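Below is one structure, written out as structure tokens; comments come after it.
The structure presented is a predicted model; accordingly, all values stated were derived computationally and were not measured. Letters A, B, ... are given to chains in the order of the sequence lines, protein chains preceding strands, and every chain is numbered from 1.
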Number of protein chains: 2
Amino acid sequence: MADAPVWSDHVQAVLARAGLKRGGARQRVIELLAREPCALSAVEIEDALRAEGKPTGRASIYRVLDLLVDHGLVERVAVGPGQARFERMHPSGEHHHHLVCDQCGRLVAFDDPALEQAIGDLSERLGVRVEHHDVVLRGACERCE
Amino acid sequence: MADAPVWSDHVQAVLARAGLKRGGARQRVIELLAREPCALSAVEIEDALRAEGKPTGRASIYRVLDLLVDHGLVERVAVGPGQARFERMHPSGEHHHHLVCDQCGRLVAFDDPALEQAIGDLSERLGVRVEHHDVVLRGACERCE
DNA sequence: CCACAAATGAGACTGAGTCTCGGAGTTATT
DNA sequence: AATAACTCCGAGACTCAGTCTCATTTGTGG
Ligand SMILES: [Zn+2]
Ligand SMILES: [Zn+2]
Ligand SMILES: [Zn+2]
Ligand SMILES: [Zn+2]
């Protein structure tokens with residue numbers, strides 16, 4: 001996970017540039033996400049922080065996540081109904097998508113240039129400005145097949 | 001909307017083949033979805049049915065939607081966090097995806113062969129079985145741009 | 001028509017996410 | 001270091017889509 005510190009620094013830089021003060025809750029959520037390569041739910045974040053002896057208010061967690069999403073630092077992944085997930089987003093635009101296994105619920109990350117290409121082309125074809133795209137596949141993962 | 005009756009008939013056929021009895025609530029939900037070309041939320045369905053003088057229990061609506069999704073007759077569209085949407089699904093596999101306008105919230109439907117192709121190829125490349133794919137774009141629609 | 005299973009609906013319940021507001025933490029200025 | 005002006009934080013009440021239960025109704029095969 002050699003890139004985690006880079007992301008962390010980038011986050012600090014963006015937030016500082018935005019004129020925001022620092023704070024404990026925000027710091028804790030950022031550190032946790034920096035450590036985690038794939039999507040966490042808000043509840044998992046709350047539990048993880050409590051488990052490592054850093055209990056953090058739910059309102060703060062959602063506030064921080066919203067802030068990070070607004071600044072393009074974190075992506076909100078709608079992996080299914082009922083619970084949003086969050087994962088760090090690289091400034092380079094580098095990202096991946098997910099397959100959710102219907103059997104075991106496991107998340108499998110993947111990326112695919114052809115898919116990105118097709119989505120990129122759509123913007124023009126539809127005459128709209130596409131800011132963001134969510135792609136979630138459902139099926140059976142390697143292990144469950 | 002020349003194809004709406006066809007979908008309706010297909011639904012009836014599939015459910016009859018599955019040995020299910022008919023019932024008022026199910027009939028009402030199917031008729032409403034047959035009339036509607038794009039994604040409705042469960043709450044919108046509940047309200048629409050009440051508005052046309054056919055109030056229907058919430059539990060029944062969710063039951064019917066689950067049943068239709070299980071039989072591949074309706075697609076659950078996760079257009080955002082907090083509220084699932086449902087739209088009819090054609091037996092031919094013909095379908096579309098959506099762009100959600102960040103400004104006005106409007107849904108824009110589109111389809112794209114290159115996108116479908118890319119997703120189809122993924123199945124093999126990843127070594128998984130892909131049953132279903134959700135693609136949601138976010139941005140500004142033609143009207144809001 | 002009858003018996004029985006399937007379908008329905010009122011309303012209690014769950015749980016992710018939001019909101020509020022008083023108090024704690026941060027920073028610029030002196 | 002003290003002050004002041006701000007931002008950030010968190011406990012817990014609240015909202016609301018979605019689930020569950022169970023008594024009642026309805027559809028259907030015989
Ligand atoms: Zn991921
Ligand atoms: Zn992508
Ligand atoms: Zn649609
Ligand atoms: Zn598709």
Side-chain angles (χ1 to χ4, degrees), chain A residues 11-12 14-32 39-71 73-86 105, chain B residues 11-32 39-71 73-87 105:
Chain A
V11 171
Q12 304 297 0
V14 170
L15 296 183
R17 207 177 311 134
L20 299 172
K21 293 183 177 173
R22 299 193 288 121
R26 187 180 296 165
Q27 198 58 36
R28 294 195 287 276
V29 172
I30 291 171
E31 277 168 13
L32 180 56
L40 287 176
S41 71
V43 173
E44 285 167 354
I45 292 172
E46 189 174 6
D47 291 347
L49 290 177
R50 190 173 329 103
E52 49 185 272
K54 304 174 189 165
T56 300
R58 193 179 323 144
S60 299
I61 292 174
Y62 283 106
R63 246 191 316 252
V64 171
L65 290 171
D66 282 350
L67 179 75
L68 296 175
V69 168
D70 284 351
H71 284 79
L73 298 163
V74 157
E75 180 182 12
R76 179 182 271 114
V77 181
V79 65
Q83 203 180 39
R85 290 179 164 269
F86 300 86
Chain B
V11 171
Q12 305 296 0
V14 169
L15 296 182
R17 206 178 313 134
L20 299 172
K21 293 182 178 174
R22 299 194 290 122
R26 187 180 297 166
Q27 198 57 36
R28 294 194 288 276
V29 172
I30 291 171
E31 276 167 15
L32 180 56
L40 287 177
S41 72
V43 173
E44 285 167 354
I45 292 171
E46 188 174 6
D47 291 348
L49 290 177
R50 189 174 329 103
E52 50 186 91
K54 304 173 188 164
T56 300
R58 194 179 324 144
S60 299
I61 292 174
Y62 282 106
R63 247 192 314 251
V64 171
L65 290 172
D66 283 350
L67 179 76
L68 295 176
V69 168
D70 285 350
H71 284 78
L73 298 164
V74 157
E75 179 183 14
R76 179 181 270 115
V77 181
V79 66
Q83 203 180 40
R85 290 179 163 269
F86 301 85
E87 74 181 40

Touch class at under 4.0 angstrom, heavy-atom based, for A:Thr56 against every strand present
sugar-phosphate
What is the nucleic acid contact for B:Arg28, judged by heavy atoms within less than 4.0 Å: base, sugar-phosphate only, or nothing?
sugar-phosphate
Is there side-chain contact between [X] and [Y], with heavy atoms separated by less than 4.5 Å?
X       : Y       : result
B:Glu52 : B:Glu31 : no
A:Gln27 : A:Thr56 : no
A:Leu73 : A:Ile30 : no
A:Arg76 : A:Asp66 : yes
B:Gln12 : B:Arg26 : no
A:Leu32 : A:Leu40 : yes
B:Leu67 : B:Val74 : no

Separation of [X] atom [atom1] from [N] atom [atom2], in whole Å?
X       : N      : atom1 : atom2 : answer
B:Arg58 : C:dT14 : CZ    : P     : 15 Å
B:Lys54 : C:dT8  : NZ    : P     : 14 Å
B:Asp66 : C:dT8  : CG    : P     : 13 Å
B:Tyr62 : C:dC13 : OH    : P     : 19 Å

Would A:Arg50 and A:Asp47 count as a salt bridge (Lys or Arg N to Asp or Glu O under 4.0 Å) if you check the C-alpha gap in whole Å, the side-chain angles of each, and the deciding distance to 0.1 Å?
CA-CA 5 Å; A:Arg50 190 173 329 103; A:Asp47 291 347; 3.5 Å; yes
Contact span of DNA chain D against chain B, any nucleotide atom under 4.0 Å from a heavy atom, 5' to 3', runs D:dA17 to D:dT28
Toward the 5' end of DNA chain C, which comes first, B:Pro81 or B:Gln27, by nearest nucleotide?
B:Gln27
B/S/- along nucleotides 20-28 of chain C (protein heavy atoms under 4.0 Å) is -----BBS-
